[in-house]
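We're numbering straight along the sequence, starting at 1.
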Amino acid sequence: MAKHPFQFLSYLYALSYGGGCYIPITQDASASAYQIMSYFFLDEILGMKTNLLPSKDGNINDIYSFILEELKEFLKKELLEESQDPRLSDIVCKEFDRKIVKSIFMPKIYGKTLMSTAKDLKNVLSHYLTHKECFKVARLCFKFWSLNYHKLENLSKLIGNIGWVAATRERPVYYKILIQRCRII
């Protein structure tokens with residue numbers, strides 16, 4: 001009758017055989033990489049945005065919807081400052097949706113590049129924007145990420161570097177946190 005039976009079994013297995021207690025990360029397909037990172041940082045706000053922690057209002061949150069709203073505000077301001085052309089800002093804010101934001105920021109965690117982002121934006125927005133404008137928007141998306149989610153960006157780079165070092169030594173990389181004191185209620 002557990003809400004998440006596989007996580008429950010994993011928890012019991014860890015208690016019974018592991019000598020310690022491993023708390024599994026809640027994964028609900030919205031942003032498991034972001035959930036793991038919010039757990040590493042013990043970031044309650046990001047934890048609520050990714051449903052790792054229950055939200056204060058009891059609603060199910062979506063990290064990409066939060067990023068979309070923040071990104072639109074950022075792009076509106078930056079595009080107006082850079083180009084002095086409200087047309088570009090209006091198009092981007094009108095056409096950007098959750099799907100586009102997810103296509104940029106979900107693979108960014110795993111190393112998506114500026115060039116591939118610009119190409120993806122061109123594929124989606126070719127009716128509205130030139131290749132040069134798509135590159136400008138992609139560059140601003142990356143700027144937004146580094147200014148507003150710098151901890152996640154730095155951790156992603158660190159994990160990638162650890163992975164490279166481990167790979168050269170032909171060793172696996174394990175991501176886990178051992179909790180010393182656990183109680184079952």
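- Heavy-atom neighbours of K112 NZ from other residues, nucleotides or ligands within 6.0 Å: above the threshold of 12.
- The distance from atom OG of S156 to atom NZ of K108, rounded to the nearest 0.5 Å, is 7.5 Å.
- Nearest approach of A118 to C134, heavy atoms of both residues: O-CB, 3.8 Å.
- Atom SG in C93 sits 6.0 Å away from atom CG in L75 (nearest 0.5 Å).
- When the side chains of ILVMFWY residues are joined at heavy-atom separations under 4.5 Å, either directly or via intervening members, F142 and M106 end up in two distinct hydrophobic clusters.
- In this structure, the separation between CD on E153 and CG on N148 is 11.0 Å, given to the nearest 0.5 Å.
- Between F144 and F74, the ring planes are tilted. Angles from 30° to 60° get that label.
- I104 places a side-chain heavy atom less than 4.5 Å from the side chain of L121.
- I45 and L155 fall into different hydrophobic clusters, defined by Ile, Leu, Val, Met, Phe, Trp and Tyr side-chain heavy atoms under 4.5 Å apart, directly or through other members.
- Closest approach of P54 to M48, counting heavy atoms only: O-CG, 3.5 Å.
- Listed by first and then second residue, the salt bridge (charged side-chain N to carboxylate O under 4.0 Å, His left out) pairs that reach into residues 140-152 are D43-K151, E78-K143, sequence neighbours excluded.
- Put simply, CG on L152 and CG on L46 are 5.5 Å apart, with the number rounded to the nearest 0.5 Å.
- Within 6.0 Å of OH on Y128 lie no more than 12 heavy atoms contributed by other residues, nucleotides or ligands.
- Here the shortest heavy-atom pairing between I100 and E95 reads CD1-O, 3.5 Å.
- Across all their heavy atoms, N59 and N51 have their closest contact at O-OD1, 4.4 Å.
- The 12-atom threshold is not exceeded at CD of E44, counting heavy atoms of other residues, nucleotides or ligands nearer than 6.0 Å.
- In this structure, OG in S126 is found 12.0 Å from CD in E133, a value given to the nearest 0.5 Å.
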Name every donor-acceptor pair, under 3.5 Å, that has one atom in a side chain of residues 158-170 and the other anywhere in the protein, sequence neighbours excluded.
unit_1 : atom_1 : unit_2 : atom_2 : d
N161   : ND2    : K157   : O      : 3.3
T168   : OG1    : V165   : O      : 2.7

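- Every residue was checked against the salt bridge (Lys or Arg N to Asp or Glu O under 4.0 Å) condition with E69, not counting sequence neighbours, and none meets it.
- No side-chain heavy atom of V124 sits under 4.5 Å from any side-chain heavy atom of K99.
- Note: the hydrophobic cluster containing I60 does not contain L53 (ILVMFWY, side chain heavy atoms under 4.5 Å, direct or indirect links).
- Linking Ile, Leu, Val, Met, Phe, Trp and Tyr residues whenever their side-chain heavy atoms come within less than 4.5 Å places L68 and L125 in a single cluster.
- Closest heavy-atom contact between R98 and D62: NE-OD2, 2.5 Å.
- Minimum heavy-atom separation, T50 to S38: OG1-OG, 3.9 Å.
- Interatomic distance, H127 NE2 to I91 CD1, rounded to the nearest 0.5 Å: 12.5 Å.
- If you run ring-ring contact (aromatic ring centres under 6.0 Å, His included) between F105 and each of Y149, W145, Y64, only W145 comes through.
- In terms of hydrophobic clustering, with Ile, Leu, Val, Met, Phe, Trp and Tyr side chains grouped at heavy-atom distances under 4.5 Å, V137 and M115 are assigned to different clusters.
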- Show your reasoning for whether side chain to side chain contact (heavy atoms under 4.5 Å, CB included) applies to L129 and V92. CA-CA 9 Å; L129 303 178; V92 168; 4.2 Å; yes
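- When each of K76, E81, E82 is paired with S89, the side chain to side chain contact (heavy atoms under 4.5 Å, CB included) condition holds for K76 and for no other.
- The local environment of NZ in K122 is crowded, with over 12 non-hydrogen atoms from other residues, nucleotides or ligands closer than 6.0 Å.
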